[in-house]
J.: 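Got a structure here, written out as structure tokens. Questions coming.
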Amino acid sequence: VGKLVTLVELRLGNNRLKVLPKELGHCFNLRKLSAQSNLLSTLPPEMLSGLSSLLNLNVSCNQMLYVPDELGNMVHLEKLRMDQNQIRSLPETIGSCVAMMVLSLTCNQLSNIPDSFQECVNLTGLH
């Protein structure tokens, strides 16, 4: 997968994936990644570190318990959908996602929102 450097959009939804390959982080031109309705428990930090050009990430309807700090490397991310998981907290680094316009976190187990969240000044939709 990591050799697909011209890949722009990847749809992996509605499968039984437990893990996304960390090599996805080598797909530098990837703009949209959909992996909803799988069995993911988290996202590989190495993958998130390499996807700094990603604009849209959908990992709704999985079994995610937490989000790695490397989410903060995704400074161009505009839409993040993580509905219907089991996420208990968000990393403080979410404040680095300053381009984010839509954040969807319904049906999780969040107990607090990090203070850095106020840095997401372009946010127009929060669910």
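Sequential numbering from 1 along the given sequence is applied to the chain's residues.
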J.: Could you pull out all residues at least two apart from S104 that satisfy side chain to side chain donor-acceptor pair (under 3.5 Å)?
T.: D83
J.: Can you sort out the partners of N58 under side chain to side chain donor-acceptor pair (under 3.5 Å), two or more places apart, ordered by chain and number?
T.: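 Counting only residues at least two positions away or on another chain, N58 forms a side chain to side chain donor-acceptor pair (under 3.5 Å) with S60.
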J.: If every non-hydrogen atom of L17 is compared with every non-hydrogen atom of N38, which pair is closest and at what distance?
T.: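 Smallest interatomic distance, heavy atoms only, reads N-OD1, 3.0 Å.
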J.: Which side-chain hydrogen bond (donor to acceptor under 3.5 Å, both in side chains) pairs, counting each pair once, include a residue from residues 111-125, with sequence neighbours left out?
T.: E92-S116
J.: Pairs in or reaching into residues 7-17: which pass salt bridge (Lys or Arg N to Asp or Glu O under 4.0 Å), with residues at least two apart or in two chains?
T.: E9-R11
J.: Are V8 and F28 co-members of a hydrophobic cluster defined by side-chain heavy atoms under 4.5 Å apart?
T.: no
J.: Ignoring hydrogens, what is the shortest heavy-atom contact between I94 and C120? Give both atom names and the distance.
T.: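 In terms of heavy atoms, the two residues are closest at O-SG, 3.4 Å.
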J.: May I have the list of side-chain donor-acceptor pairs in residues 49-57 shorter than 3.5 Å, sequence neighbours left out?
T.:
| residue | atom | partner | partner atom | Å |
| --- | --- | --- | --- | --- |
| S49 | OG | P45 | O | 3.1 |
| S49 | OG | N73 | ND2 | 3.3 |

J.: In terms of hydrophobic clusters joined by side-chain contacts under 4.5 Å, are M100 and F117 together?
T.: yes
J.: Side-chain contact, heavy-atom cut-off 4.5 Å: L30 with M47?
T.: no
J.: At their closest point, which heavy atom of P68 faces which heavy atom of L43, and how far apart are they?
T.: CG-O, 3.1 Å
J.: Please name the pair of heavy atoms, one in L39 and one in Q63, separated by the smallest distance, quoted to 0.1 Å.
T.: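 Reported closest heavy-atom pair: CD2-NE2, 3.5 Å.
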J.: How about L90 and M82: do any of their side-chain heavy atoms sit closer than 4.5 Å?
T.: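 Yes, side chains in contact.
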J.: Of all the heavy-atom pairs spanning H26 and V5, show the shortest one and how long it is.
T.: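 Minimum heavy-atom contact is O-CG1, 3.7 Å.
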J.: What distance separates Q109 CD from N85 CG, expressed to the nearest 0.5 Å?
T.: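 One finds 10.0 Å between CD of Q109 and CG of N85.
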J.: Out of curiosity, does V19 fall in the hydrophobic cluster containing V67 (side-chain heavy atoms, cut-off under 4.5 Å, transitive links)?
T.: no
J.: Considering all heavy atoms of both residues, which atom of M64 and which atom of V59 are nearest to each other, and what is their separation?
T.: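 Looking at all heavy atoms of both residues, the closest pair is SD-CG2, 3.6 Å.
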J.: Could you measure the distance from the CG atom of L4 to the CG atom of N29? Nearest 0.5 Å is fine.
T.: 11.0 Å
J.: If you round to the nearest 0.5 Å, how far is CG of L126 from CD1 of I113?
T.: 7.0 Å
J.: Members other than Y66 in its cluster, when Ile, Leu, Val, Met, Phe, Trp, Tyr link by side-chain heavy atoms under 4.5 Å?
T.: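 Direct or chained contacts put Y66 with L65.
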J.: How long is the gap from OG on S41 to CD on Q86, to the nearest 0.5 Å?
T.: 9.5 Å
J.: Side-chain contact, heavy-atom cut-off 4.5 Å: L71 with L80?
T.: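 A side-chain contact under 4.5 Å exists here.
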J.: Would you give the length of the straight line joining atom CG of L77 to atom OG of S96, rounded to the nearest 0.5 angstrom?
T.: 12.0 Å
J.: How long is the span from the NE2 atom in H76 to the SG atom in C97, to the nearest 0.5 Å?
T.: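 It is 11.0 Å, given to the nearest 0.5 Å.
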